[in-house]
Protein chains: 2
Amino acid sequence: MARAATTSDAFNAIAEPQRREILVLLRGGERPVTELARDLGMSQPQASKHLRVLREVGLVRVRGAGKQRLYGLDARGLRPVHEWVGGFERFWDETFDRLDEYVRNLEQARQEEPPDGDDR
Amino acid sequence: MARAATTSDAFNAIAEPQRREILVLLRGGERPVTELARDLGMSQPQASKHLRVLREVGLVRVRGAGKQRLYGLDARGLRPVHEWVGGFERFWDETFDRLDEYVRNLEQARQEEPPDGDDR
DNA sequence: CTTACGCATTCCGATATAGGCATATGATGA
DNA sequence: TCATCATATGCCTATATCGGAATGCGTAAG
């Protein structure tokens with residue numbers, strides 16, 4: 001097979017640094033493509049392509065305003081991401097204490113019984 | 001140029017569904033590679049490769065235990081992700097009200113002054 | 001030392017980008 | 001209708017995976 005499609009969900013959409021920058025800019029309000037491209041130092045076609053990905057996963061919305069197309073943030077798609085990552089919150093600080101403890105117990109168990117009793 | 005490297009940061013690491021599954025499994029404690037591969041229905045080499053990526057971005061840690069290598073979660077790298085996404089929290093519900101309001105103001109402004117004063 | 005087991009790595013092929021460039025499309029205005 | 005501005009798309013190249021299959025390597029056991 002091949003590589004997985006990155007265009008399919010919010011996780012992949014925000015994996016791209018430039019797309020993250022676009023989203024951050026859009027927090028300040030709607031913006032036309034050219035302005036986004038200029039502010040982020042990328043070409044207009046690139047901006048359009050990134051915006052297309054963001055639109056396909058539902059993170060931005062477009063609105064025609066005369067000749068321009070104003071892109072606006074739709075952050076609802078970020079909520080599942082936030083929740084998924086949040087599921088690890090209690091491990092951020094705890095992880096290493098638990099690991100150390102685990103290791104310590106294991107070492108101790110090995111010292112007590114002669115080199116034989118292997119777990120599993 | 002080419003595609004951005006996915007191996008470089010946590011955002012890219014968790015963009016892969018299988019890697020997310022690995023992380024979820026590891027919340028339950030340390031696990032050897034073969035067990036992860038079996039539980040997730042993937043080949044052992046694939047599991048090793050995903051684990052390598054996760055290790056390179058610092059989301060998992062390895063520990064040799066006899067013939068086995070136990071992988072454990074190190075969720076600290078997820079914290080920046082959580083914080084970045086959290087920066088959009090106040091837009092999750094607000095976005096569309098603001099948009100509607102914005103549009104309404106714009107329409108109104110256009111009706112008041114004759115077709116001329118265009119912003120920007 | 002040889003075998004067996006667990007895991008990592010390498011080689012390979014297919015594919016999906018990211019980016020640049022040129023161009024098509026759409027809407028606006030003369 | 002034609003020219004112009006703002007965007008979107010198509011084409012092309014280089015690259016970076018993801019996945020599979022085979023193999024290398026380290027540790028433990030006979």
Side-chain angles (χ1 to χ4, degrees), chain A residues 1-9 11-22 30-57 60-72 110 114-120, chain B residues 1-9 11-22 30-57 60-72 110 114-120:
Chain A
M1 309 291 174
R3 149 165 259 201
T6 97
T7 242
S8 32
D9 66 350
F11 281 96
N12 276 294
I14 67 171
E16 244 290 332
Q18 310 222 61
R19 287 198 284 261
R20 285 201 298 276
E21 292 185 49
I22 290 179
E30 294 179 311
R31 296 241 194 166
V33 178
T34 308
E35 202 177 306
L36 289 171
R38 175 169 51 73
D39 288 9
L40 296 177
M42 65 175 94
S43 71
Q44 173 268 311
Q46 269 312 305
S48 279
K49 286 173 188 171
H50 282 311
L51 286 166
R52 177 192 173 112
V53 173
L54 290 172
R55 207 181 56 203
E56 286 177 351
V57 303
V60 302
R61 309 186 78 242
V62 212
R63 175 169 79 83
K67 275 193 285 192
Q68 305 194 130
R69 308 198 66 190
L70 295 183
Y71 279 86
R110 284 205 172 135
D116 160 300
D118 202 2
D119 47 33
R120 175 157 307 284
Chain B
M1 306 299 171
R3 153 166 252 200
T6 96
T7 243
S8 33
D9 65 350
F11 281 96
N12 276 294
I14 67 171
E16 245 290 331
Q18 309 221 63
R19 286 198 284 262
R20 284 203 297 276
E21 292 184 50
I22 290 179
E30 295 178 309
R31 298 241 194 167
V33 178
T34 308
E35 202 177 306
L36 290 171
R38 175 170 49 73
D39 288 8
L40 296 176
M42 66 174 95
S43 70
Q44 172 268 310
Q46 269 310 306
S48 279
K49 287 173 191 172
H50 284 312
L51 286 166
R52 178 192 173 112
V53 173
L54 290 172
R55 206 181 56 203
E56 285 178 350
V57 302
V60 302
R61 310 186 79 242
V62 212
R63 177 168 78 83
K67 274 193 287 192
Q68 305 194 133
R69 308 197 66 189
L70 295 182
Y71 280 86
R110 284 207 169 134
D116 160 299
D118 201 2
D119 47 33
R120 179 156 304 288

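Side-chain atoms are counted along with the backbone in the values below, which use heavy atoms only and exclude waters and symmetry mates. Below, read A as the first sequence line, B as the second, and so on, with proteins coming before strands; counting in each chain starts at 1.
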Gap between atoms CZ and C1', on B/R63 and C/dA8 respectively (whole Å): 19 Å

Integer-rounded Å distance: C/dT15 C1' and B/E16 CD: 14 Å

Under 4.0 Å protein heavy-atom contact, by nucleotide of nucleotides 2-10 of chain D - B base, S sugar-phosphate only: ---BSBBBB

Short side-chain N/O contact to D/dT17 OP1/OP2 from B/H50, under 4.0 Å: no

Interatomic spacing from CE in B/M42 to CG in B/L36 - rounded to 0.5 Å: 7.5 Å

Non-hydrogen side-chain atoms of B/D39 and B/R31 separated by less than 4.5 Å: yes

Nearest-Å distance for atom pair CG/C1', residues A/N12 and C/dA18: 14 Å

Polar side-chain atom of B/R69 near backbone of B/R63 as donor-acceptor pair, under 3.5 Å: no

Interatomic distance, A/L54 CG vs C/dA18 P [rounded to whole Å]: 10 Å

Inter-residue atom distance B/E30.CD - B/R61.CZ, 0.5 Å rounding: 9.5 Å

Heavy-atom check, side chain of B/R19 versus side chain of B/I14, under 4.5 Å: no

Approximate separation, where rounding is to 0.5 Å, of B/L54 CG and B/E16 CD: 9.5 Å

Gap between atoms CE and C1', on A/M42 and C/dC21 respectively (whole Å): 17 Å

